[in-house]
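When a ligand or atom number is given, it counts from 1 through the structure's own listing order.
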Amino acid sequence: MKKIVISTGGGDAPGLNAVIYAVVHAGSRMGWEVYGSKSGYSGFLDIDEMIRLTPRDVDGIYATGGTILGSTNKGNPFSRPVENLVGEIQMVDTSDKIISNFKRMKFDCHIAIGGDGSLEIANRFAEKGMPVIGVPKTIDNDLEETNRTFGFDTAVSTATDALDKLHSTAKSHDRVMVVEVMGRDSGWIALYSGVSGGADAILIPEIPFDIEKVCDKIADNDLRDKNYSIVVVAEGAKTVDGMEFNKGKGELGREEVVLGGVGEWVASEIRKRTDKDTRSLVLGHIQRGGSPTTFDRLLALRFGTAAVRMVEEGTFGHMVALKNSKMEAVPIAQAIRHRKKVDLECDKVSTARDIGICLGD
Ligand code: F6P
């Protein structure tokens with residue numbers, strides 16, 4: 001008989017509920033008690049935020065977006081904003097309290113579902129003695145040591161669908177449409193959706209772009225009687241002169257800057273330099289919403305059950321990973337060392353170049 005707790009941290013991703021579903025079902029079949037900590041680590045700090053999860057509580061959730069536990073990307077328990085008695089905000093390390101509550105609640109293991117930020121926190125808890133197992137989540141697909149993170153396939157499919165819809169309106173109005181997609185400092189979403197969605201140019205953080213090259217591609221389209229163009233820009237894309245685009249730090253407790261603005265900049269430069277009607281749009285959080293695709297559902301269910309098997313085996317401090325179609329355990333520390341970038345030698349990049357897509361270089 002074991003008692004395990006699940007948490008979901010960082011930006012949500014389609015498939016989170018499928019992991020929860022799998023852990024609850026597989027854990028319950030072992031005769032274990034499964035709990036969920038609401039909103040990241042809140043349940044470890046406040047017992048009212050810790051909920052018991054039974055198969056009945058998770059009925060049908062594998063097909064739904066979001067997370068029934070809630071999530072946050074401003075709740076690092078090692079540096080949490082707390083208001084003191086005189087109303088000032090202080091950053092407080094709550095990790096010892098979390099460890100002692102974890103022991104007091106007699107948990108055997110914590111299954112932390114998260115991206116690089118949340119898994120880094122989980123790893124710090126593992127170093128403090130908490131038995132932790134990580135599950136790789138993020139639409140950005142930027143975690144090392146796993147071929148895929150869940151959420152990515154759904155985000156790509158949403159972005160591709162948006163690009164498909166933009167073609168007809170761009171064509172009807174002789175326009176250039178610039179679409180900014182998510183992905184932080186990795187260009188996976190932009191590359192996969194751009195290639196699949198018929199983009200003329202795809203700008204990714206891994207290839208600093210020259211705006212003149214993008215304009216050349218648009219002019220070339222005109223010469224070939226293609227009166228419209230679609231440009232996909234990853235939110236973390238940078239110019240060859242080192243221009244980066246962000247909206248500052250964001251909310252208190254959030255550790256990363258809020259990216260954004262590159263799509264609008266690219267659109268205005270194209271408008272100035274080509275005189276073409278140009279519009280930009282930011283796909284934004286639509287990419288994180290909705291029901292997970294079949295691929296993401298299956299991957300999330302596989303990750304969840306593999307995590308339960310790892311609890312049974314005691315493979316703590318490890319993350320479940322997809323490696324060549326198999327579930328494997330890799331040290332969390334290894335998975336968070338770097339962010340996984342697009343390999344410029346990969347065949348998706350060659351495919352883009354071979355069909356004439358401009359990559360801004
Ligand atoms: O990491 C996932 C992600 O969706 C990124 O692609 C994006 O930059 C960020 O989260 C947005 O975060 P927020 O939900 O705080 O706006």
Side-chain angles (χ1 to χ4, degrees), residues 7-17 19 39-40 65-67 69-76 79-81 112-122 134-144 146 148-160 162 179-194 202-206 232-238 244-266 280-290 292-293 296 299-300 319 335-336 338-342:
S7 70
T8 53
D12 68 340
L16 280 167
N17 282 335
V19 180
S39 194
T67 158
L69 294 175
S71 194
T72 175
N73 51 13
K74 42 184 185 159
N76 182 351
S79 176
R80 203 179 171 95
I113 315 173
D116 59 332
S118 310
L119 290 177
E120 197 178 322
I121 293 167
V135 177
K137 162 240 66 167
T138 168
I139 66 160
D140 303 337
N141 197 38
D142 60 353
L143 266 173
E144 285 282 3
T146 183
R148 280 289 180 91
T149 54
F150 72 83
F152 172 65
D153 187 68
T154 310
V156 167
S157 138
T158 300
T160 307
V179 187
E180 182 180 305
V181 297
M182 283 185 168
R184 294 212 65 85
D185 299 314
S186 298
W188 298 104
I189 298 177
L191 182 65
Y192 275 53
S193 64
I202 302 173
L203 309 177
I204 59 175
E206 292 84 351
V232 177
V233 194
E235 61 181 2
K238 306 164 183 64
E244 296 186 13
F245 305 83
N246 70 66
K247 299 183 167 180
K249 197 95 179 80
E251 302 87 2
L252 187 67
R254 187 195 161 94
E255 290 175 339
E256 291 189 302
V257 290
V258 180
L259 295 177
V262 63
E264 182 47 43
W265 184 84
V266 167
S280 74
L281 68 146
V282 179
L283 281 194
H285 294 80
I286 274 190
Q287 295 159 99
R288 294 228 304 252
T293 57
D296 274 340
L299 182 61
M319 177 188 90
I336 56 172
H338 314 284
R339 286 194 172 163
K340 186 172 69 184
K341 302 277 190 180
V342 170

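For the atom pair CG (Leu191) and CG (Leu203), the distance works out to 11.5 Å, reported to the nearest 0.5 Å. How far CD of Glu235 is from CG of Asp140: 7.0 Å, rounded to the nearest 0.5 Å. Expressed to the nearest 0.5 Å, how far CG of Asp153 lies from OG1 of Thr160 amounts to 9.0 Å.
Considering only non-hydrogen atoms, atom 8 (O) of ligand 1 lies nearest to Glu235 out of Arg288, Glu235, Lys137, His285.
The Arg184 neighbourhood of ligand 1 comprises atoms 5 (C), 6 (O), 8 (O), with distances under 4.0 Å to a heavy atom of that residue. Distances below 4.0 Å separate heavy atoms of Gly183 from the following atoms of ligand 1: 6 (O).
Residue contacts with ligand 1 include Arg254, since one or more of its heavy atoms lies under 4.0 Å from the ligand. Using 4.0 Å as the threshold, Gly115 has no heavy atom nearer than that to any atom of ligand 1. Residue contact check for ligand 1: Val258 places no non-hydrogen atom closer than 4.0 Å to it.
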### Task
Evaluate side chain to side chain contact (heavy atoms under 4.5 Å, CB included) for Trp188 paired with Lys340, printing each intermediate quantity in order.
CA-CA 9 Å; Trp188 298 104; Lys340 186 172 69 184; 3.9 Å; yes
### Task
Please step through side chain to side chain contact (heavy atoms under 4.5 Å, CB included) for the pair His285 and Met182, ending with a clear verdict.
CA-CA 8 Å; His285 294 80; Met182 283 185 168; 3.7 Å; yes
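Neither the backbone nor the side chain of Leu259 comes within 4.0 Å of ligand 1, counting heavy atoms alone.
Atom NZ of Lys74 has 12 or fewer heavy atoms from other residues, nucleotides or ligands within 6.0 Å.
Of all protein heavy atoms, the one lying nearest to atom 6 (O) of ligand 1 is Asp140 OD1, 2.7 Å.
There is no side-chain donor-acceptor pair under 3.5 Å between Thr158 and Gln287.
In terms of polar-atom proximity, defined here as any N/O pair under 3.5 Å, Ile139 makes no such contact with ligand 1.
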